[in-house]
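Here's the structure, in structure tokens; my notes come after.
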Amino acid sequence: MKSSIARKLAMALSALFLMVFLLQHLSINFLSVFSEDLFNEVSHFMGTNPLVQFALQPILIFAVIFHFVMGFILEYRNRQARVQNYEVYKGGASASWMSRNMIYTGLAILGFIALHFYDFWIPEMDYKYFSTNPEDPTRYYEELRHKFVDLWRVLLYVVAFVFLALHLQHGFQSAFQSIGVRGRFTPALQKLSTVYAIAVPLGFIIIALYHYLTH
């Protein structure tokens, strides 16, 4: 990873992997808005499938850590390069607000991921591997709804997904450009980036608000 191009490529590939995961995660969670039984069924399958638990889940955790560590490395090197090459750096003249503040939106998302792990992943690991309670395939829906009882938590989730939207607005098209998809594809990528950056966070916001308002 000594090459700048290699680092950017690795960053892009991890971003693309995480964006696919976001779509998958949203599609499963959105089932809770329409069908309690179907959400429980799919969640139970994902939570007990060995391939998901012992292969895909470790890859996902590694991808999250790798993406953020690589992001910090790239940001540090970019700042060092600006200090050496520019007496006055006018970022706004050639870059959008989103691109210039990816590190800050990323930090906000990292904080949210820590909360999300505390809310869902840690209790799930505790239930499956340390609890003496028998497995209940119908528990997932109520566990999800329970997290959206308090307004402060719902608002925190909403704010986090707004930061996610800002991060994705630049990150989506940047990832594709880093792997060589550019030129005549750039206008389409910009439009697709906007659609993805709005639709995915909005979907998660709808889920949170739905469960809060229907308690």
Side-chain angles (χ1 to χ4, degrees), residues 11-33 39 43 46-47 52 56-76 96-127 140-175 193-215:
M11 181 73 169
L13 292 175
S14 65
L16 293 172
F17 175 79
L18 292 174
M19 285 188 287
V20 171
F21 165 75
L22 276 175
L23 281 176
Q24 177 262 335
H25 196 48
L26 174 62
S27 63
I28 293 176
N29 284 358
F30 216 82
L31 293 175
S32 67
V33 174
F39 175 73
S43 297
M46 297 295 289
V52 173
L56 298 181
Q57 186 170 253
I59 292 173
L60 173 62
I61 293 173
F62 172 79
V64 171
I65 296 173
F66 178 87
H67 185 74
F68 280 98
V69 170
M70 189 59 63
F72 295 140
I73 292 173
L74 288 172
E75 176 67 17
Y76 173 77
S96 67
W97 184 92
M98 277 81 76
S99 65
R100 287 182 285 114
N101 292 277
M102 289 291 282
I103 189 67
Y104 301 113
T105 55
L107 284 170
I109 295 167
L110 185 60
F112 166 71
I113 289 175
L115 171 64
H116 198 58
F117 266 54
Y118 174 80
D119 276 349
F120 292 99
W121 190 77
I122 293 176
E124 180 69 10
M125 294 299 102
D126 179 65
Y127 186 97
Y140 302 93
Y141 183 79
E142 286 304 321
E143 287 177 357
L144 175 65
R145 284 178 61 81
H146 177 71
K147 296 303 179 182
F148 299 115
V149 172
D150 298 321
L151 179 59
W152 69 267
R153 189 180 295 272
V154 175
L155 293 176
L156 196 59
Y157 269 70
V158 170
V159 170
F161 287 124
V162 170
F163 276 108
L164 178 62
L166 294 173
H167 195 77
L168 289 172
Q169 177 63 49
H170 174 73
F172 185 98
Q173 58 182 315
S174 177
S193 175
T194 300
V195 171
Y196 184 95
I198 294 174
V200 171
L202 180 60
F204 283 111
I205 289 173
I206 290 172
I207 293 168
L209 292 177
Y210 171 81
H211 288 296
Y212 174 74
L213 295 173
T214 56
H215 266 288

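Positions are given from 1, in the same order as the sequence printed here.
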**Prompt:** Closest approach of Ala165 and Ala197, non-hydrogen atoms and distance?
**Reply:** CB-O, 3.2 Å
**Prompt:** Which atom pair, heavy atoms only, marks the closest approach of Ser193 to Gln173?
**Reply:** OG-N, 3.9 Å
**Message:** What I'd like to find out is whether the side chain of His211 reaches to under 4.5 Å of the side chain of Ile207, using heavy atoms alone.
**Reply:** yes
**Message:** If I take atom CD from residue Glu142 and atom CZ from residue Phe39, how far apart are they, to the nearest 0.5 angstrom?
**Reply:** 10.5 Å
**Item:** From Leu18 atom CG to Leu13 atom CG, the distance as rounded to the nearest 0.5 Å
**Value:** 11.0 Å
**Request:** Could you note down all residue pairs passing salt bridge (charged side-chain N to carboxylate O under 4.0 Å, His left out) where residues 143-172 supplies at least one of them, sequence neighbours left out?
**Result:** Asp119-Arg153, Arg139-Glu143
**Message:** In the structure I gave you, are the side-chain heavy atoms of Val159 and Phe112 within less than 4.5 Å of one another anywhere?
**Reply:** no
**Complete:** Shortest non-hydrogen pair, Ala12 vs Ala175, comes out as CB-O, 3.4 Å
**Message:** I need the Leu155 CG to Leu209 CG distance, nearest 0.5 Å.
**Reply:** 8.5 Å
**Message:** Check the orientation of Phe21 and His25. Use parallel for under 30°, tilted for 30 to 60°, and perpendicular for over 60°.
**Reply:** parallel
**Prompt:** For Tyr104, does the OH atom sit with more than 12 other heavy atoms under 6.0 Å from it, leaving out its own atoms?
**Reply:** no
**Prompt:** Measuring from Met102:CE to Ile109:CD1, what's the distance to the nearest 0.5 Å?
**Reply:** 7.5 Å
**Item:** Counterpart residues, ring pair (Phe, Tyr, Trp, His ring centres under 6.0 Å), relative to Tyr76 (two or more places apart)
**Value:** none
**Request:** Determine the minimum heavy-atom distance between Tyr140 and Glu124, stating which atoms define it.
**Result:** CE2-OE2, 3.9 Å
**Prompt:** Only one of Tyr210, Phe148, Tyr212, Trp152 forms a ring pair (Phe, Tyr, Trp, His ring centres under 6.0 Å) with Tyr157, so which one is it?
**Reply:** Phe148
**Asked** Can you tell me how far CZ of Phe172 sits from OG1 of Thr194, rounded to the nearest 0.5 angstrom?
**Response** 9.5 Å
**Asked** When rounded to the nearest 0.5 angstrom, what is the spacing between CG in Leu26 and CG in Leu22?
**Response** 8.0 Å
**Message:** Show, in sequence, the C-alpha distance, side-chain angles and deciding distance for Ile61 and Gln57, and conclude whether the side chain to side chain contact (heavy atoms under 4.5 Å, CB included) test is met.
**Reply:** CA-CA 6 Å; Ile61 293 173; Gln57 186 170 253; 4.3 Å; yes
**Complete:** Shortest non-hydrogen pair, Ser32 vs Tyr141, comes out as O-CE1, 3.3 Å
**Asked** Would you say Val64 and Phe68 make side-chain contact, with heavy atoms under 4.5 Å?
**Response** yes
**Complete:** With sequence neighbours left out, the residues meeting ring pair (Phe, Tyr, Trp, His ring centres under 6.0 Å) with Phe163 are none
